[in-house]
Amino acid sequence: MHRKGINFVIKPGVTNHILISILHKKMSIINDINIAAKHIQEGNLVAFPTETVYGLGANALDPLAVAKIFEAKERPSFDPLIVHIGNLNQLEQLVKENDERIYKLAEKFWPGPLTIVLPKSDIIPDLVTSGLPTVGIRMPGNDIALDLIRTSNCPIAAPSANKFGRISPTTALHVKKQLPGVDYILDGGKTTVGIESTIIRLTDKGFQILRNGIITKEDLETIIPHDAKSKIESLSAPGMLKSHYSPRKKLLIADAKSSNTNLSKAGLISFSGELEKAYAKVIRVSDKKDLKDYAVNMFEAMHTFEDDNDIETIIAEPVEETGIGIAIMDRLRKAEFNWRED
Ligand code: TXA
Ligand code: MG
């Protein structure tokens, strides 16, 4: 497809969809919820789509099953998992206090990309929460995910279905690439949000954001106040590492320094369309300069360039850090962290 010296814009999604349908035949990914639920009940792992990214799920109440998640991802045990629920009755069993603010938030944002960190009940194994007294809970906004949780009849602990520290998966193929040994993959096509859920915790004064996502501070403030005063101790935000979401090849955020790169071997993740001219390959993440599109297509663009032998360096266009731009820049900085030389 690529002709030397000519820029071309890969439409996000197109390449991978073709690949997925070819691979389906080979990998026999069959979307059978009953088989997937049986795997969960038997203590096996199932990768499944959520609206944010694909998750690698296990019965959250079965410590041996949860241990398999850490093993498959090569994830350190200090990094706690999010527990996914299918209805609010499950929530009551998993948390200690019934804070009415949870229900207000749930009414507005669930099912959806919001994780709330709450004091945990004793039925949740310590391995899920890395020994913390709290647990992160969310009800995913994806019908396949909800069907899986309800049919399995248990809450499902699930981190993103990638190897620890690597690029998050937004298609079933991305999961297969990184975790070929998973017992079962449910394929729901490309995810519709594209970046992980917003994570909050509740204090006496309101909410604090532990991880930014497409539900922004301003969205949350329509329901409860933001607590800008209380300190976030590092213990209450484990797993928030400087390096994360990292491609196997160099990724830099476009700036004065990144322009020293050999652009004939560089792929640009483009947002505004303004930087495209000099690059060997370009993936434009949005036709209409919409930050939501950047979120939806960002990880897929990283995967595409990571797999492209013509590309040595990935350059990502930065965006203004307001609203959803905060979550996008958080992912890009973490993806860049290990590659930055200055
Ligand atoms: O959108 C998402 O949240 C996706 C999908 C699969 O639901 N999941 C996801 O999980 O991003 P994961 O494991 O990649 O990120 C979970 C992060 C941890 O690294 C940690 O920072 C935070 O959630 N977390 C989980 N439990 C916590 C707790 N009890 N206290 C504070 N942070 C917690
Ligand atoms: Mg993750």
Side-chain angles (χ1 to χ4, degrees), residues 29-73 75 77 79-95 102 106 109-118 120-130 132 134-162 164 168-170 172 175 179 181-188 191-193 196-197 199 213 239:
I29 299 175
I30 307 161
N31 275 324
D32 188 323
I33 288 286
N34 292 319
I35 296 177
K38 197 155 178 282
H39 274 295
I40 295 284
Q41 286 161 354
E42 286 172 356
N44 298 327
L45 301 185
V46 173
F48 62 98
T50 79
E51 77 283 39
T52 59
V53 299
Y54 275 69
L56 181 63
N59 178 352
L61 307 181
D62 176 349
L64 289 178
V66 171
K68 291 181 187 169
I69 296 179
F70 285 90
E71 202 184 316
K73 276 190 62 117
R75 178 174 173 116
S77 58
D79 194 0
L81 306 179
I82 291 171
V83 174
H84 298 70
I85 56 170
N87 57 56
L88 289 178
N89 290 340
Q90 280 177 327
L91 175 79
E92 282 163 28
Q93 297 162 12
L94 300 176
V95 300
I102 307 169
F109 297 110
W110 282 354
L114 177 70
T115 297
I116 313 176
V117 171
L118 298 162
K120 84 172 189 79
S121 73
D122 295 337
I123 66 167
I124 302 180
D126 287 336
L127 188 57
V128 171
T129 63
S130 305
L132 291 173
T134 55
V135 59
I137 296 183
R138 83 179 192 99
M139 192 189 292
N142 174 291
D143 287 343
I144 297 176
L146 291 173
D147 207 5
L148 177 67
I149 300 164
R150 289 168 189 163
T151 311
S152 307
N153 204 18
C154 62
I156 294 184
S160 49
N162 49 278
F164 179 71
S168 300
T170 56
V175 178
L179 301 169
V182 172
D183 299 306
Y184 204 80
I185 301 177
L186 284 167
D187 186 354
T191 61
T192 53
V193 169
E196 300 82 354
S197 59
I199 303 180

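One-based numbering along the sequence shown. These values consider heavy atoms only, across backbone and side chains, with no hydrogens, waters or symmetry-generated copies.
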Q. S160 and E196: side-chain donor and acceptor closer than 3.5 Å?
A. no
**Q.** No-hydrogen, no-angle side-chain donor-acceptor test under 3.5 Å, T115 and S197
**A.** yes
Any side-chain heavy atom of [X] within less than 4.5 Å of one from [Y]?
{"X": "F109", "Y": "I116", "result": "no"}
{"X": "L118", "Y": "L91", "result": "yes"}
{"X": "P155", "Y": "I149", "result": "no"}
{"X": "I199", "Y": "I82", "result": "yes"}

Nearest heavy atoms of [X] and [Y], plus distance in Å:
{"X": "D62", "Y": "G43", "value": "OD2-CA, 3.9 Å"}
{"X": "I69", "Y": "A157", "value": "CD1-O, 3.4 Å"}
{"X": "Y184", "Y": "L186", "value": "CE2-CD2, 3.9 Å"}
{"X": "V175", "Y": "Y54", "value": "CG2-CB, 3.6 Å"}
{"X": "P80", "Y": "S130", "value": "N-OG, 3.1 Å"}
{"X": "T50", "Y": "T191", "value": "O-CG2, 3.2 Å"}

Q | Whether over 12 other heavy atoms sit under 6.0 Å from K68 NZ | A | yes
Q: Can you establish whether the number of heavy atoms outside N87 located under 6.0 Å from its atom CG is more than 12?
A: yes
How many angstroms lie between atom [atom1] of [X] and atom [atom2] of [Y], to the nearest 0.5 angstrom?
{"X": "I137", "Y": "L94", "atom1": "CD1", "atom2": "CG", "value": "4.5 Å"}
{"X": "D183", "Y": "I40", "atom1": "CG", "atom2": "CD1", "value": "9.0 Å"}
{"X": "N142", "Y": "T192", "atom1": "CG", "atom2": "OG1", "value": "7.0 Å"}
{"X": "N34", "Y": "H39", "atom1": "CG", "atom2": "NE2", "value": "12.0 Å"}
{"X": "F48", "Y": "L56", "atom1": "CZ", "atom2": "CG", "value": "8.5 Å"}
{"X": "L81", "Y": "K73", "atom1": "CG", "atom2": "NZ", "value": "8.5 Å"}

Q: Begin from the C-alpha positions of L146 and M139 and carry the test side chain to side chain contact (heavy atoms under 4.5 Å, CB included) through to its verdict.
A: CA-CA 8 Å; L146 291 173; M139 192 189 292; 3.8 Å; yes
Q: For the pair D126 and K120, find out whether any cationic side-chain nitrogen is under 4.0 Å from an anionic carboxylate oxygen.
A: yes
**Q.** Ionic contact status for E51 with R138, cut-off 4.0 Å
**A.** yes
